[in-house]
2 protein chains.
Amino acid sequence: MPVTLKDIAKRVGYSVTTVSRALAGYEDVAEDTRRKIIMAAREMGYYPDFTARSLRRRRTDTVGFVIPVAEHYLSDPFFLELLAGIGDGAVEQGFDLLISTCKPLGSEEREVYRRMVRGRRVDGIVVARTRREDQRISYLVGEGFPTVAFGRTTLNLDFPYIDVDGEDGVRQAMEHLINLGHRRIAFISPPSYLMFAEHRLIGYKRALEKHGLDFDPSLVVEGELTQSSGYRRMNQLLDLDDPPTAVVCGNDLMALGAISASQERGLKVGRDVAIVGFDDIPLAEHSHPPLTTVHQPIYEIGKRLSHMLVQIIQGQGLAETHTIVQPKLVVRESCGYAERR
Amino acid sequence: MPVTLKDIAKRVGYSVTTVSRALAGYEDVAEDTRRKIIMAAREMGYYPDFTARSLRRRRTDTVGFVIPVAEHYLSDPFFLELLAGIGDGAVEQGFDLLISTCKPLGSEEREVYRRMVRGRRVDGIVVARTRREDQRISYLVGEGFPTVAFGRTTLNLDFPYIDVDGEDGVRQAMEHLINLGHRRIAFISPPSYLMFAEHRLIGYKRALEKHGLDFDPSLVVEGELTQSSGYRRMNQLLDLDDPPTAVVCGNDLMALGAISASQERGLKVGRDVAIVGFDDIPLAEHSHPPLTTVHQPIYEIGKRLSHMLVQIIQGQGLAETHTIVQPKLVVRESCGYAERR
DNA sequence: CTGTTAGCGCGTTCAA
DNA sequence: TTGAACGCGCTAACAG
């Protein structure tokens with residue numbers, strides 16, 4: 001049986017109240033009494049009951065995060081990094097992290113969020129991979145529940161977020177490819193229901209426009225952020241009568257798939273075809289050839305989101321509620337730069 | 001303000017108790033009463049308070065998992081898959097998942113586990129990447145806390161686990177390489193404090209022995225399960241006066257690093273040098289060349305661990321408490337098999 | 001069938 | 001400086 005305040009009280013001969021206050025560090029406890037109580041607590045191995053404390057304080061010191069898992073299980077290192085950032089950020093502030101996984105879109109998802117919110121399971125929620133009209137956000141904001149998001153939405157709602165300027169990221173990638181002489185550049189887009197698909201696509205289009213290149217719809221295909229879908233989409237692009245010489249991918253995983261597809265056809269990536277990713281997951285650096293990609297500081301964003309969320313939970317104002325982070329193109333060899341040196 | 005049982009009771013004119021029972025589906029409530037109560041609850045948007053319920057029932061319906069993060073953040077897809085498995089398995093049984101991250105070994109880790117256990121934060125814990133003398137296990141078992149592990153230990157303690165037969169996995173890899181004609185085979189080991197490092201090393205040694213090959217200590221180096229450490233260790237091996245022609249790596253990430261290192265030196269992996277990994281993370285299939293590796297069903301193991309844990313929590317007996325899963329070599333191209341066909 | 005009584009363990013009045 | 005009383009929201013034993 002776990003040791004409770006009552007047990008300590010009985011042992012030292014003080015009331016539960018006094019024990020509680022002594023342990024909580026209240027000033028109105030005699031030094032001597034406090035010492036005795038703390039000693040006893042230590043000896044008896046007292047540890048406050050989390051549940052009871054939560055009920056009383058009306059907060060759980062826990063943040064929630066629901067991982068949207070598209071396939072039967074997830075494999076995108078993006079989430080692992082984000083998770084680590086959120087987790088570490090939470091821990092730094094004395095908060096725990098409650099995780100659920102759930103297929104995106106659909107009623108099950110709604111239920112998962114309701115459970116967390118209405119069951120007062122957590123004090124706040126981090127939403128990632130925002131959607132254009134994100135029902136999760138509208139629900140959470142509607143409930144007045146502390147929420148922060150990685151990404152924007154098209155909703156006319158004010159909520160705190162951090163987002164990466166995907167438009168600019170893709171623009172950087174495009175400029176680089178265009179400078180290298182590419183004219184037929186394809187784009188393997190993330191699923192279009194995701195908000196960042198739109199930003200990245202805009203970056204693609206703007207860059208074409210700016211350099212007087214035509215927009216060819218057959219060069220834009222939609223993938224599912226997985227390697228295998230990148231692989232399939234790349235094959236599709238290479239099957240075109242007039243295939244692209246360069247491809248910008250919606251994330252690194254798809255870029256890796258695209259590399260595989262190219263290599264299987266005997267193309268040398270970086271020479272015969274240029275491939276650029278987005279995210280800069282740890283694998284990107286170690287792929288073969290190393291992947292040129294747009295770096296976004298996922299871990300740091302996760303950590304910062306946690307900090308923001310905790311601030312909101314604790315009723316402190318936020319200095320910045322809408323942060324746009326500038327990503328940065330990391331040039332490696334998959335687009336041929338290295339060979340030109 | 002959230003709606004409570006009391007609010008409903010006031011509205012329908014019954015006692016809190018009756019409302020509670022009606023909602024919980026007890027039989028001893030008049031059909032008519034139940035209907036009214038359920039209607040009211042629905043209209044008012046009632047949702048049970050998780051914390052209060054936990055306090056009363058003395059259980060949280062939550063399982064805990066502490067991710068051991070060696071570097072400043074984690075990047076091994078292994079954990080993501082395991083996490084997904086544990087999470088899905090938990091959800092299937094109506095349990096939530098509480099996550100913490102923590103550097104392995106050291107006092108901070110002990111505190112994290114104490115917090116979960118003594119604070120009755122969770123009902124049970126999953127331990128992964130067991131260590132030879134795993135203090136986490138001895139602590140948890142000592143506390144009599146529901147625990148399951150992915151991996152064995154050298155401790156003389158009885159606790160439920162699932163483990164992969166790493167010895168046999170490496171044996172399979174070695175047999176394959178030896179059959180292909182390799183005689184100088186290196187082993188990039190996981191950190192030796194990990195239990196599975198030992199099993200895999202034994203598999204390596206036994207295979208050498210069985211085929212009458214000498215054990216050369218300079219061919220065994222210890223890595224840290226990351227790509228960059230695989231990269232460094234591989235370089236070290238290739239710098240030997242008499243470098244190996246084949247390398248078995250302690251996990252896929254290190255194998256990917258080893259591939260990079262080899263390629264940077266102009267070696268063609270699969271022809272000039274054979275590389276085998278362990279895990280079969282999704283990336284393995286898509287690396288270039290595709291990685292020959294020992295497959296272990298990480299997601300399924302995670303799920304099964306969750307199921308076992310919940311069974312223990314609910315006081316049901318376990319059919320199998322010590323499960324050894326047989327891994328299976330997946331032959332791809334990094335060891336040259338494909339070129340021999 | 002329904003209500004009363006009685007906590008779960010903790011923290012916050014308020015009075016002594 | 002300390003303690004008694006009270007309640008967070010829910011559930012369980014018991015009585016009627």
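The structure displayed is predicted, hence computed values, not measured ones. Naming: A, B, ... by sequence-line order, numbering from 1 per chain.
- A donor-acceptor pair is defined here as one N or O able to donate and one able to accept, closer than 3.5 Å; such a pair exists between the side chain of A/D123 and the backbone of A/T60.
- Residues that satisfy the side chain to side chain contact (heavy atoms under 4.5 Å, CB included) test with A/Q311, not counting sequence neighbours, are A/Q316, A/L318.
- Computed from coordinates, the A/Y14 OH to C/dA16 P distance equals 22 Å when rounded to whole Å.
- Checked by atom type and distance alone, the side chain of B/R129 never pairs as donor or acceptor with a backbone atom of B/G151 at under 3.5 Å.
- With rounding to the nearest 0.5 Å, the separation of CG in A/L23 from CZ in A/R42 is 10.0 Å.
- Here A/V16 lies out of heavy-atom contact (under 4.0 Å) with every strand.
- Not a single donor-acceptor pair under 3.5 Å links the side chain of B/R152 to the backbone N or O of B/I324.
- Listed in residue order, the members of residues 26-34 of chain B having a heavy atom less than 4.0 Å from DNA chain C are B/D28, B/V29, B/A30, B/T33.
- As judged by a 4.0 angstrom heavy-atom cut-off over every strand, B/T17 is placed among the base-contacting residues.
- Put simply, the side chain of A/R34 gets close to the backbone of A/Y26: a donor and an acceptor are under 3.5 Å apart.
- Among residues at least two apart or in separate chains, ring-ring contact (aromatic ring centres under 6.0 Å, His included) pairs with a member in residues 117-152 of chain A are A/F78-A/F150.
- Comparing the start and finish of the helix from C/dC1-D/dG16 to C/dA16-D/dT1, five pairs each, the helix axis swings through 50°, to the nearest 10 degrees.
- For B/T62, the side chain to side chain donor-acceptor pair (under 3.5 Å) partners are A/R121, not counting sequence neighbours.
- Mapped onto DNA chain C by nearest heavy atom, B/G13 and A/V3 fall at different nucleotides, with B/G13 at the one closer to the 5' end.
- Of the residues in residues 41-63 of chain B, those with a non-hydrogen atom less than 4.0 angstrom from any atom of DNA chain C are B/L55, B/R56, B/R58.
- Remark: side-chain polar atoms of B/T321 are not paired, donor with acceptor, to backbone N or O of B/P160 under 3.5 angstrom.
- Atom pair B/R120:CZ and C/dG9:P shows a separation of 8 Å (rounding to whole Å applied).
- A search for salt bridge (Lys or Arg N to Asp or Glu O under 4.0 Å) contacts involving B/R58 returns nothing, not counting sequence neighbours.
- A nucleotide of DNA chain D counts as in contact with chain A when one of its atoms lies under 4.0 Å from a heavy atom; the first and last such, 5' to 3', are D/dT1 to D/dG9.
- Between the side chains of B/D88 and A/T101, at least one donor-acceptor pair of N or O atoms lies under 3.5 Å.
- For B/E108, there are no side chain to side chain donor-acceptor pair (under 3.5 Å) partners, not counting sequence neighbours.
- Rounding to the nearest 0.5 angstrom, the gap separating the OH atom in A/Y161 from the OG1 atom in A/T147 is 15.0 Å.
- If you check every strand for non-hydrogen atoms under 4.0 Å, B/S15 touches a base.
- The salt bridge (charged side-chain N to carboxylate O under 4.0 Å, His left out) pairs that include a residue from residues 1-22 of chain A are A/R11-A/E43, where partners are two or more places apart or lie in different chains.
- Listed by first then second residue, pairs satisfying salt bridge (charged side-chain N to carboxylate O under 4.0 Å, His left out) with a partner in residues 301-311 of chain A read A/E92-A/K303, A/R304-A/E320, not counting sequence neighbours.
- The backbone N or O of A/G45 lies less than 3.5 Å from a partner atom in the side chain of B/R118, making a donor-acceptor pair.
- For the segment residues 18-25 of chain B, the set of residues with a heavy atom within less than 4.0 Å of an atom of DNA chain C comprises B/T18, B/R21, in numerical order.
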